[in-house]
Amino acid sequence: PGPVRESSNHQQARTMSSLTDLPLEPLSKILNLTVTGMSDISTILELGAVNTKIHECVLHSWKCASCDETVYVEDGARLVERENSDGVIHCGSCGKKYCGQQRTGRGSRRRHDCSSARKCQGCDLVECRECLVSKLEVDCAMCCRLFLSGGYCASCQGGLSNQCNLCGFPVCDRHAKKCDTCGLMTCGVHDFDVDTCSSCNKSYCARCHGHGDSMWHCGRCKKHSCNANGDGNGNCPNFVFDYYDWPVCQSCHEEIEDEFSSEFSSDCEESSSDGDD
């Protein structure tokens, strides 16, 4: 048999252990660069539990960029997050670290900065509030609207070459919606939007598909149809508007009927057995 390949975690652990021969200052800089590169932070913390020099570097040099408190605290030989922390934040864009503590006191001028961050929906890159605010005026309109609750990082956006015809703000390739009929480009922020039919994959703005402010979508599976009312593309499915607060597609309607029929049969069987007793 050939040589056994060393796992990436073991390679990283061995590399980090070999760095402990360095003086504290350069070791601290290397640890900072490792975290900026989205390395496995748990490996560094585990090494800190068995290596005094790494333990000291992480504990004393990793300070919160907002409140200047240490990011981690000691729990015996281990390094752990602070008790009232929502999770330590390591920004993948600027490399700054935040303790993750919720700060609600009146005297804290930057009380939100310790725990505010966004994780990219595409690659899970974490960006701090400061980095997000710095690009608000030039970033995708929808990513800005989502701000801390969603959106994409610059690498996952796929570019900002599109521009919303309704507000004039740039829009990334992930959120850009273009009507195939009139060419209208929207960013997804406005009520007047462009929807894509789940069957024919054609996109229509509210003016071109003629179904009001937005294309009808199934209330159960959320799929859109440009022929929901039966007055558009005849190859796309009609929706069932009767019996429901919101229309559903034919397949979901059949599933609901089967479920109702099954429940009704079970109730009848239970009633019958109770009567026999």
Side-chain angles (χ1 to χ4, degrees), residues 93 112 116-125 127 129 131-256:
S93 293
H112 299 297
S116 298
R118 181 182 75 186
K119 182 181 287 188
C120 171
Q121 291 178 324
C123 66
D124 290 339
L125 174 76
E127 292 182 281
R129 184 186 183 92
C131 285
L132 296 175
V133 170
S134 68
K135 58 182 181 180
L136 277 178
E137 295 183 1
V138 295
D139 201 9
C140 166
M142 179 55 86
C143 289
C144 289
R145 183 184 185 185
L146 296 171
F147 198 52
L148 297 176
S149 61
Y152 297 94
C153 67
S155 298
C156 292
Q157 284 177 340
L160 290 169
S161 58
N162 303 299
Q163 188 177 40
C164 178
N165 295 138
L166 300 179
C167 64
F169 280 92
V171 52
C172 70
D173 292 347
R174 294 267 194 166
H175 289 128
K177 298 179 179 181
K178 185 178 182 179
C179 177
D180 290 332
T181 302
C182 69
L184 177 75
M185 179 77 71
T186 66
C187 59
V189 173
H190 315 282
D191 291 334
F192 189 92
D193 202 2
V194 173
D195 296 314
T196 302
C197 179
S198 302
S199 297
C200 66
N201 208 33
K202 290 183 179 179
S203 298
Y204 299 91
C205 68
R207 180 173 53 246
C208 291
H209 65 60
H211 294 310
D213 290 338
S214 60
M215 188 185 297
W216 285 112
H217 67 270
C218 174
R220 181 164 175 156
C221 68
K222 307 304 180 185
K223 291 181 178 179
H224 289 81
S225 175
C226 62
N227 192 37
N229 281 325
D231 55 2
N233 182 358
N235 295 322
C236 296
N238 304 145
F239 282 0
V240 178
F241 285 78
D242 299 330
Y243 319 119
Y244 304 106
D245 294 333
W246 188 264
V248 298
C249 65
Q250 189 65 39
S251 59
C252 286
H253 172 64
E254 293 173 358
E255 290 177 3
I256 293 171

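Both backbone and side-chain heavy atoms feed into the values below; hydrogens, waters and symmetry mates do not. If you're wondering where the values come from, they're calculated on a predicted model, not measured in any experiment.
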If you define the side chain from C-beta out and look only at heavy atoms, does anything of [X] sit under 4.5 Å from [Y]?
X    : Y    : value
V189 : F169 : no
K202 : C226 : no
C208 : C179 : yes
N229 : F241 : yes
L132 : S93  : no
S155 : C123 : no
S225 : C249 : no
I256 : Y243 : no

Measure across [X] and [Y] and return the closest heavy-atom pair with its distance rounded to 0.1 Å.
X    : Y    : value
A176 : M185 : CB-SD, 3.7 Å
Q157 : C143 : NE2-SG, 3.5 Å
C182 : R207 : SG-NH2, 3.9 Å
S161 : D173 : OG-OD1, 4.3 Å
F192 : A206 : CE1-CB, 3.6 Å
A228 : W216 : CB-CB, 3.5 Å

For this session: Check whether any side-chain N or O of Q121 sits under 3.5 Å from a backbone N or O of Y152 as a donor-acceptor pair, and report yes or no.
Result: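 Flag not set: sc Q121 to bb Y152 has no pair under 3.5 Å.
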Problem set entry | Any donor-acceptor pair under 3.5 Å from R129 side chain to A117 backbone |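 Answer holds: no.
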With rounding to the nearest 0.5 Å, note down the distance linking [atom1] in [X] to [atom2] in [Y].
X    : Y    : atom1 : atom2 : answer
H224 : C200 : NE2   : SG    : 12.0 Å
D139 : C131 : CG    : SG    : 11.5 Å
N165 : K178 : CG    : NZ    : 9.0 Å
K223 : S199 : NZ    : OG    : 7.5 Å
M215 : C205 : CE    : SG    : 9.5 Å
H190 : C167 : NE2   : SG    : 3.5 Å

Problem set entry | Qualifying residues under salt bridge (charged side-chain N to carboxylate O under 4.0 Å, His left out), relative to K135, sequence neighbours excluded |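 Partners of K135 by the salt bridge (charged side-chain N to carboxylate O under 4.0 Å, His left out) criterion, ordered by chain and then number, come out as E127.
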Problem set entry | Between N227 and N235, a side-chain donor and acceptor under 3.5 Å |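 There is no such pair (donor and acceptor under 3.5 Å, judged by atom type) between the side chains of N227 and N235.
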Problem set entry | Any donor-acceptor N or O pair under 3.5 Å, side chains Y244, H253 |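 H253 and Y244 do have a side-chain donor-acceptor pair below 3.5 Å.
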Exercise. Among L166, T186, L184, whose side-chain contact (heavy atoms from CB on, under 4.5 Å) with D193 holds?
Worked result: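 Filter result, single survivor: T186.
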Problem set entry | D242 atom CG, over 12 foreign heavy atoms within 6.0 Å |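 Enclosed.
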For this session: Under the side chain to side chain contact (heavy atoms under 4.5 Å, CB included) rule, what do C164 and H175 come out as? Steps first, then yes or no, please.
Result: CA-CA 10 Å; C164 178; H175 289 128; over 6 Å; no
Exercise. Given S203, which of T196, D195, T181 fulfils the side-chain hydrogen bond (donor to acceptor under 3.5 Å, both in side chains) condition?
Worked result: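 Result for side-chain hydrogen bond (donor to acceptor under 3.5 Å, both in side chains) with S203: T196.
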Problem set entry | Criterion side chain to side chain contact (heavy atoms under 4.5 Å, CB included) on V194 and D180, from CA distance to verdict | CA-CA 9 Å; V194 173; D180 290 332; over 6 Å; no
Problem set entry | Residue pairs involving residues 246-255 (criterion salt bridge (Lys or Arg N to Asp or Glu O under 4.0 Å); sequence neighbours excluded) |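 Counting only pairs at least two positions apart or across chains, the salt bridge (Lys or Arg N to Asp or Glu O under 4.0 Å) contacts touching residues 246-255 are R220-E255.
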